[in-house]
Protein chains: 2
Amino acid sequence: MRSLILDAARSIFLEKGYEQTSIRNIAERIEYSPGTIYLYFKEKDDIFHALHEEGFSRMLEQMQPLQFVSDPFERLKAMGRVYMEFAKNNKDFYDLMFIMQAPMKMEKNDEWVMGDRTLGYLKQVISECMATGRFQGRDVNFLSFTIWASLHGMCALYCRERCQAYHDEHIEHTALLNGGFQNFVDMLEKL
Amino acid sequence: MRSLILDAARSIFLEKGYEQTSIRNIAERIEYSPGTIYLYFKEKDDIFHALHEEGFSRMLEQMQPLQFVSDPFERLKAMGRVYMEFAKNNKDFYDLMFIMQAPMKMEKNDEWVMGDRTLGYLKQVISECMATGRFQGRDVNFLSFTIWASLHGMCALYCRERCQAYHDEHIEHTALLNGGFQNFVDMLEKL
DNA sequence: TTGTTTTACTGAACACCGTTCATTAAGTTT
DNA sequence: AAACTTAATGAACGGTGTTCAGTAAAACAA
């Protein structure tokens, strides 16, 4: 039942967006009454928290192949590329995972599990880079934040329509993301 | 009247947040009926669009003193610091300006004016930096995006509670922002 | 088989939301 | 005094998340 609800929620969310994903809409889709959903989820955010976790496992899946890139810095750059591609191709999931307030209101003692794992993965790669002499004297936590935030910034501006600020210069949003990423990689290389 | 509504909206928004700022609440605060508000604003987002613009003019105000910093790169760094301080001290305004979808749905032919001006300011400073030999071979638009996005990323993760990912390492959010900013400045210096 | 208890589900009700619109009241012209 | 214009109303519409008394079916006990 729980996954029946989740399947309906996901499909409405992906095809009609967050706003349209109401308890009543979900209930209608699975042909149950609204009240029923509350027997399986404490509140609406609980559903989005579940989808939130699912988003992370999807992203981690796409990063799976990168474990075979032996050079840690190459792996780090590839991770960045996958991260940004994920945001571009899964706008709604990305929004849910990194921008929306909704799934964050949970008692997060139990789960922000997947997010932690992802961040851990990033920090590990950075550590490996440092072991090869890169990023000397930097703190892993701060550096991971800098890197994460820089990429997130581009993705977030993209997701939330702020790339339109470059509309007059006739720059494609996707070119903006690519150019921005390239710049950042160049900076990282020189750090 | 228009500014009476706006004043009420701003004060509710700043003291109780976006969610609590409903047409009905605004109407109650100014002791008019809900319908009246629609005589002065086409829709709710229209109100938030006005506050959105106000946010930019507040931020630009705080950047005003920086025009006296003669070295453009120093000015650029100072702008960054002011930008992040603004986000830290005006979470809700920052959210409205750079994260929320609400004020973006407007027919933006008329106004994203202040945002444009701010971005123009950034691009100009970068140009001046380039005139002194910095950032050789970079494109102003891409570079401005890279810089803006990097700072925005940190601010956005902060505003939307994602800094909690570093909770276990007992890192203060404010330390994270400072450390992240420092890292980024170091990178910019070497680019 | 009958009675009892547990389980799953309902859907009306509550308190909100943004938005519209016929109606009213006040002020201004003619 | 009559006609017109303006400003404001507040009930109504269709939506939202959430709760809860009530129901019906299934499982268990006698």
Side-chain angles (χ1 to χ4, degrees), chain A residues 1-53 92 95-96 99-108 110-111 160-161, chain B residues 1-53 92 95-96 99-108 110-111 160-161:
Chain A
M1 189 74 214
R2 218 166 175 279
S3 65
L4 182 67
I5 295 170
L6 239 36
D7 287 348
R10 187 193 315 105
S11 90
I12 297 176
F13 174 65
L14 290 179
E15 85 186 47
K16 304 192 184 182
Y18 178 77
E19 305 273 81
Q20 288 302 310
T21 312
S22 68
I23 296 290
R24 281 174 172 84
N25 282 345
I26 297 170
E28 192 185 20
R29 170 85 52 120
I30 62 176
E31 289 176 302
Y32 278 81
S33 103
T36 305
I37 289 174
Y38 286 87
L39 300 173
Y40 301 93
F41 291 91
K42 205 179 115 277
E43 55 194 342
K44 196 195 176 189
D45 286 355
D46 204 2
I47 296 173
F48 284 103
H49 182 73
L51 291 181
H52 177 268
E53 288 294 297
D92 297 298
D95 204 308
L96 192 59
I99 306 180
M100 283 185 190
Q101 216 95 62
M104 286 295 105
K105 291 176 192 158
M106 309 290 312
E107 311 87 9
K108 75 213 81 342
D110 59 342
E111 320 211 27
R160 293 301 179 98
E161 278 3 300
Chain B
M1 189 74 213
R2 217 165 175 280
S3 65
L4 181 67
I5 295 169
L6 238 37
D7 287 348
R10 186 191 316 104
S11 91
I12 297 176
F13 174 65
L14 290 178
E15 85 187 46
K16 304 193 186 182
Y18 178 76
E19 305 273 83
Q20 288 302 310
T21 312
S22 68
I23 297 288
R24 282 174 170 85
N25 282 344
I26 298 170
E28 192 186 21
R29 169 84 52 119
I30 61 177
E31 290 177 303
Y32 278 83
S33 100
T36 305
I37 289 175
Y38 286 88
L39 300 174
Y40 301 93
F41 291 90
K42 203 179 116 278
E43 55 193 340
K44 195 194 176 191
D45 286 354
D46 205 3
I47 296 173
F48 283 103
H49 181 73
L51 291 180
H52 176 268
E53 288 294 296
D92 297 298
D95 204 309
L96 192 59
I99 306 180
M100 282 186 193
Q101 215 96 61
M104 286 295 105
K105 292 176 194 161
M106 309 288 314
E107 310 86 9
K108 77 215 85 328
D110 59 342
E111 318 211 27
R160 293 302 178 98
E161 265 29 281

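Just so it is clear: chains get the letters A, B, ... in the order the sequence lines come, proteins before strands, and each one is counted from 1.
With hydrogens and angles ignored, no donor-acceptor pair under 3.5 angstrom links the side chain of A:Arg24 to the base of D:dG15.
Of the options B:Leu4, B:Ile12, B:Asp7, a side chain to side chain contact (heavy atoms under 4.5 Å, CB included) to B:Arg29 is made by B:Ile12 and by none of the others.
In terms of modelled atom types and a separation under 3.5 Å, the side chain of A:Asn25 and the main chain of A:Gln20 share a donor-acceptor contact.
Relative ring orientation between A:Tyr18 and A:Phe48 is described as tilted, the plane-to-plane angle lying within the 30° to 60° band.
Taking only side-chain nitrogens and oxygens, A:Asn25 never comes nearer than 4.0 Å to OP1 or OP2 of D:dG15.
Distance from the side chain of B:Thr36 is smallest for D:dT9 among the nucleotides D:dT16, C:dT20, D:dT9.
Separating the OH atom of A:Tyr38 from the P atom of D:dC20 is a distance of 13 Å, rounded to the nearest angstrom. Straight-line distance from the CD1 atom of A:Ile47 to the C1' atom of D:dG17: 11 Å, rounded to whole Å. The distance from atom CD of A:Glu31 to atom P of C:dC9 is 14 Å, rounded to the nearest whole Å.
Residue A:Ser22 is classed as a sugar-phosphate contact, given heavy-atom separations below 4.0 Å to backbone atoms only. Within 4.0 Å of A:Tyr40, counting heavy atoms only, lie sugar-phosphate atoms of the nucleic acid but no base atom.
Along DNA chain C, the nucleotide closest to B:Glu19 and the one closest to A:Ser33 are compared, and the more 5′ of them pairs with A:Ser33.
A:Ile37 has its side chain within reach of A:Ile47: a pair of non-hydrogen atoms, C-beta onward, lies under 4.5 Å apart.
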